[in-house]
Amino acid sequence: MSMENLASIYDPERVEGKWYDYWKQKNYFEPSGDYSQPHYSIVMPPPNVTGQLHLGHALDNTLQDILIRWRRMQGYNTLWVPGTDHAGIATQARVEESLAAEGLSRYDLGREKFVERVWEWKRLYGDRITTQLSLLGSSCDWSRERFTMDEGCSHAVREVFVNLYEKGLIYRGDYIINWCPKCHTAISDIEVEHADSDGHLWHIRYPVENSDEFVVVATTRPETMLGDTGVAVHPDDERYAHLIGRNVVLPLVGRIIPIFADHYVDREFGTGAVKVTPSHDPNDFEMGLRHDLERVTVMKPDASMNENAGVYAGLDRYECRRQVVRDLEKDGYLLRIEEHQHALGHCQRCDTIVEPMVSLQWFVKMKPLAEPAIQKVLEGEIRFVPERFTRIYINWMENIRDWCISRQLWWGHRIPVWYCQDCGEIICSREDPVACPSCSSSQLKQDEDVLDTWFSSALWPFSTLGWPNDTADMQHYYPTSVLVTGRDIIFFWVARMIFSGIEQTGKVPFHEVNIHGLILDAQGRKMSKSLGNGVDPLDVIEKYGADTLRFSMITGVTPGNDVRFQWDKVENTRNFANKIWNAARFVLMNLEDYSPIEIPDNELTLADRWIYGRLNQKIAEITNLLDNYELGEAARRMYDFIWDEFCDWYIELAKPRLFHPDNRRDRAVVQNVLRDVLMQTMKLLHPFMPFITEEIYQYLPGHGETIMLEAWPRYEPNRVETDRIEQMQLIMAAIRSLRNIRAEFNISHGIAIKAIISAPDFKIRELFRQYGSYIKDLARVSELETVEGMEETPQQAVSALLAFAEIYVPLEGIIDVDKEVSRLEKDLKNIDADIAKTDAKLNNDSFLAKAPADVIAKERGRAEEARLRREGLLQRLQIFKSR
RNA sequence: GGGUCGUUAACUCAGAGGUAGAGUGCUUCCUUGACGCGGAAGAAGCCACAAGUUCGAAUCUUGUACGACCCACCA
């Protein structure tokens with residue numbers, strides 16, 4: 001293949017789409033179906049159907065894709081199931097917005113037409129996010145793509161609902177729930193976000209019936225007093241003991257309500273007397289149950305006041321508050337107003353302040369479900385990575401409350417319950433009923449509500465595999481291997497999948513949960529629409545390519561921790577991709593007469609053995625890091641290996657052997673090593689940067705159909721020759737020292753220098769003699785001499801001191817005495833500090849007694865070496881100073 | 001009120017019981033036959049503070065301070 005058509009700047013656009021299409025068309029994303037191999041399966045956290053890919057998805061799916069690609073190369077029978085979520089409230093809200101633009105509301109259309117409209121919307125935008133996932137390079141099995149409202153998933157939802165209902169784990173009733181006045185629906189506890197805000201504490205006097213006395217209550221929400229049906233005090237509170245059992249007359253309303261005692265009341269807070277509004281406060285609701293209080297609901301679903309609010313009916317809740325306060329003040333009931341900070345609940349979706357209200361809703365009884373879900377995790381059947389998330393999960397599960405699952409929406413899974421209009425029978429069944437089983441009436445009306453979106457998400461790991469049918473996929477891929485997701489949905493999703501999986505299938509849905517952090521903006525803030533600080537991953541892909549986006553998001557990232565998105569880092573990664581590209585170009589350009597050969601070890605040079613050793617160390621390290629989900633560290637090591645070791649050292653050392661080979665054979669050897677190392681490196685890098693690695697792979701001689709299905713590089717311990725690696729490192733140190741001298745004395749690289757290496761150890765001298773060419777080539781040395789010791793230290797020379805050798809560079813006429821003296825003095829200072837440290841240790845008896853032998857030996861060696869260097873330095877200094 | 005995470009070079013972050021690393025930025029040099037989206041050399045850190053464990057702590061323990069986030073029904 002000719003190299004002229006490879007541009008010197010890597011262009012991801014010309015590469016990525018091409019290979020993705022190729023992979024997909026060849027069905028490489030599908031499982032191998034080789035059941036003799038262990039399976040490795042992941043279900044993708046389903047993004048919202050009508051949503052757009054954001055950086056959070058990009059990170060999440062990159063992590064999954066890395067794991068799947070890596071396991072696939074390892075030979076596992078891998079399955080990654082993609083899909084989308086119907087996202088009840090979110091999707092419905094968007095369609096309502098679009099209707100609003102036409103001046104319509106969903107009520108204008110009616111339920112059926114509206115739902116049809118949402119389906120249309122889904123058909124229109126449903127592909128967008130999956131296309132975007134493809135652009136990222138996600139190797140998920142599109143032939144198994146699912147949607148939470150498709151037939152199969154809906155079937156699973158129905159089955160689970162009926163199961164739970166039949167077991168008595170789903171019930172319907174009037175309870176206090178969180179109501180969003182804007183979304184017009186109940187929401188669950190975790191969909192409420194609490195935010196501190198500055199408010200007031202109004203102290204209101206409630207006149208005691210048939211008395212001149214008042215009870216003063218304090219409230220943050222005075223408008224709710226219209227629904228008060230009692231006043232609570234602490235049973236042991238002497239201030240109020242005489243009033244227990246009496247009544248107060250509710251101001252503005254005139255209702256006679258009881259004063260009662262309840263341990264819930266905190267004597268220290270406020271006045272020690274609490275107005276009780278069972279219909280609009282969760283604690284009051286509980287007290288209402290304990291004391292059999294009347295419930296008076298005073299608000300409508302839009303949070304305006306209803307007819308129970310008397311003259312305030314029709315007012316918005318906050319207008320009503322102002323009015324009530326004004327009236328209380330006017331009538332002398334308002335005692336005082338305090339500044340007060342408290343937490344207000346907001347709707348996660350629309351940020352509206354949530355109103356606690358009593359309402360008829362469906363609930364899942366959580367305690368029985370939570371218990372085994374806690375057990376399985378404690379028993380280690382499910383492992384959280386990082387481990388610290390285990391406790392977060394357990395704590396939440398232990399304190400879980402019943403889950404309100406009904407939503408007053410139209411878009412979602414409709415609750416499979418019918419009410420007989422004639423006899424009132426409630427029918428919950430797997431099949432749509434045609435007649436009432438009790439009275440045979442056909443007058444059946446289905447429940448109007450739909451289920452919380454998370455109800456169907458909770459079934460995702462098995463509903464996508466065909467459950468409740470006993471499908472082949474269920475048999476082969478369930479339980480799944482790992483769930484990868486953001487730490488923000490541990491409660492919403494992870495926890496619910498765990499208890500649902502255990503309850504419905506009898507098995508945990510996955511064995512490991514890999515939790516990652518959030519993507520923040522460059523200032524460390526959450527990305528949000530309102531801040532306008534979001535970065536569109538598609539922009540990044542368009543400008544820099546998917547490989548760059550993937551790699552830049554994960555490098556140097558600690559598991560579970562948040563990541564800041566920075567364009568600097570993206571550019572750096574782009575440069576890295578370019579570096580890889582050009583390294584590959586270099587290799588390919590020099591492979592025109594390549595032929596694969598078997599190379600006996602003795603034909604490998606020191607550099608060859610070094611790079612093979614380093615490569616194999618990387619294979620072991622990276623495999624191990626991936627095993628532990630430390631993908632960021634794995635990526636970092638790839639980067640260092642490729643850039644520093646392969647490019648800056650190995651390729652540089654290979655050049656002379658390619659351009660001016662001593663013999664044809666050595667040229668063939670270096671060609672083989674270059675190809676081989678590049679090939680293996682591309683395989684190691686492939687899970688991280690799938691596109692560029694496939695592109696390069698396809699140019700490399702001896703490539704197969706696709707890098708995707710190549711075997712993951714095997715660690716060969718015999719390739720790691722530590723003594724060779726150390727030798728190479730000594731030579732590298734010598735080269736660096738010589739380059740340093742060059743730089744310090746401004747010797748242009750055009751001028752060749754002479755170097756003398758003095759080493760008392762014969763082996764070291766031999767090493768430098770044998771590999772003198774490395775030094776000559778990389779440090780531009782024309783003449784290299786090795787001596788046992790300098791009879792006389794040359795005066796017209798600068799020196800560099802290595803561990804086992806001294807290097808002299810004669811620089812007659814060029815030498816700057818002052819500069820050399822200050823160089824030497826700086827070195828001396830460092831060495832003295834070094835000696836002080838090592839001596840302190842070696843003079844410490846407990847160190848000698850307790851430290852491991854190898855550490856002591858290392859310390860001794862260091863001390864000895866430092867002393868030798870110090871002597872040499874002093875000698876040199878002497879010479880210069882005496883001149 | 002509980003809990004988690006963070007505090008390391010100017011910036012953004014890795015790392016880790018045995019003398020501190022990267023990228024960017026900065027300084028100097030280099031159009032050397034892969035790459036200037038490049039190469040070479042360099043400056044730059046008491047690893048937040050305090051006590052403890054240890055032969056040895058930036059790393060482990062416990063506190064403190066500051067920051068971020070999560071959970072929580074004090075009206």
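- A stacked arrangement is not assigned to Tyr639(A) and the six-membered base ring of rA22(B), the conditions of a centre distance below 5.5 Å and an interplanar angle below 30° not being jointly met.
- Base engagement by Arg862(A) is indicated by at least one non-hydrogen atom pair under 4.0 Å involving a base atom.
- Using a 4.0 Å heavy-atom cutoff across all strands shown, Pro852(A) reaches at least one base atom of the nucleic acid.
- Heavy atoms of Ile651(A) sit under 4.0 angstrom from at least one base atom.
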Sort me out a list of protein N/O and nucleotides 37-40 of chain B N/O pairs below 3.5 Å, or just none if empty.
from, atom 1, to, atom 2, distance (Å)
rC37(B), O4', Asn575(A), OD1, 2.9
rC37(B), O2', Asn578(A), OD1, 3.2
rC37(B), O2, Arg574(A), NE, 3.0
rC37(B), O2, Asn575(A), OD1, 3.4
rG38(B), OP1, Asn575(A), ND2, 3.3
rG38(B), O3', Lys579(A), NZ, 2.9
rG39(B), OP1, Lys579(A), NZ, 3.0
rG39(B), OP1, Trp643(A), NE1, 2.4

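- Here Tyr10(A) pairs with nothing under the side-chain hydrogen bond (donor to acceptor under 3.5 Å, both in side chains) rule; sequence neighbours left out.
- Helical stems in RNA chain B, defined as runs of 3 or more consecutive Watson-Crick or G-U wobble pairs with both donor-acceptor distances under 3.5 Å, are listed by first residue as B:1-7 with B:65-71, B:10-13 with B:21-24, B:26-30 with B:38-42, B:48-52 with B:60-64.
- Residue pairs satisfying the side chain to side chain donor-acceptor pair (under 3.5 Å) criterion with at least one member in residues 392-402 of chain A, sequence neighbours excluded, are listed as follows: Tyr171(A)-Asp402(A), Asp189(A)-Arg401(A).
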Protein and nucleotides 72-75 of chain B: nitrogen or oxygen contacts under 3.5 angstrom:
from, atom 1, to, atom 2, distance (Å)
rC73(B), O2', Asn283(A), ND2, 2.8
rC73(B), N1, Asn283(A), OD1, 2.9
rC73(B), O2, Asn283(A), OD1, 2.5
rC73(B), O2, Asn283(A), ND2, 3.3
rC73(B), N3, Asn283(A), OD1, 3.4
rC74(B), O2, Asp266(A), OD2, 2.4
rC74(B), N3, Asp266(A), OD2, 2.9
rA75(B), O2', Ala218(A), O, 3.3
rA75(B), N6, Asp266(A), O, 2.7
rA75(B), N6, Phe269(A), O, 2.7
rA75(B), N1, Asp266(A), N, 3.2

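- The salt bridge (Lys or Arg N to Asp or Glu O under 4.0 Å) pairs that include a residue from residues 549-568 of chain A are Asp65(A)-Arg550(A), Arg487(A)-Asp562(A), where partners are two or more places apart or lie in different chains.
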Measure all distances between protein nitrogen or oxygen atoms and nitrogen or oxygen atoms of nucleotides 57-63 of chain B, and list the pairs falling under 3.5 Å.
none

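- Sorted by first and then second residue, the salt bridge (Lys or Arg N to Asp or Glu O under 4.0 Å) pairs involving residues 225-237 of chain A (not counting sequence neighbours) are Asp228(A)-Lys275(A), Asp237(A)-Arg239(A).
- Nearest approach of Val670(A) to Ala654(A), heavy atoms of both residues: CG2-CB, 3.6 Å.
- Nearest to the side-chain atoms of Arg780(A) among the listed nucleotides rC71(B), rA34(B), rU32(B) stands rU32(B).
- Using a 4.0 Å heavy-atom criterion, one finds that Thr555(A) contacts no nucleic acid atom at all.
- Cation-pi geometry between Lys618(A) and Phe646(A) is not met: the NZ or CZ atom fails to fall both under 6.0 Å from the ring centre and inside 45° of the normal.
- Rounding to the nearest 0.5 Å places CE of Met638(A) at 11.5 Å from CG of Leu625(A).
- Residues passing the ring-ring contact (aromatic ring centres under 6.0 Å, His included) test with Phe847(A), sequence neighbours excluded: none.
- Take Phe260(A) and apply the ring-ring contact (aromatic ring centres under 6.0 Å, His included) test, not counting sequence neighbours, and it matches His291(A).
- Residues meeting the side-chain contact (heavy atoms from CB on, under 4.5 Å) test with Thr838(A), sequence neighbours left out: Glu859(A), Arg862(A), Ala863(A).
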Result block: side-chain N/O donor-acceptor pairs under 3.5 angstrom for residues 190-202 of chain A, not counting sequence neighbours:
from, atom 1, to, atom 2, distance (Å)
Glu191(A), OE1, Ser188(A), N, 2.9
Glu191(A), OE1, Ser188(A), OG, 2.7
Glu191(A), OE1, Arg407(A), NH2, 2.7

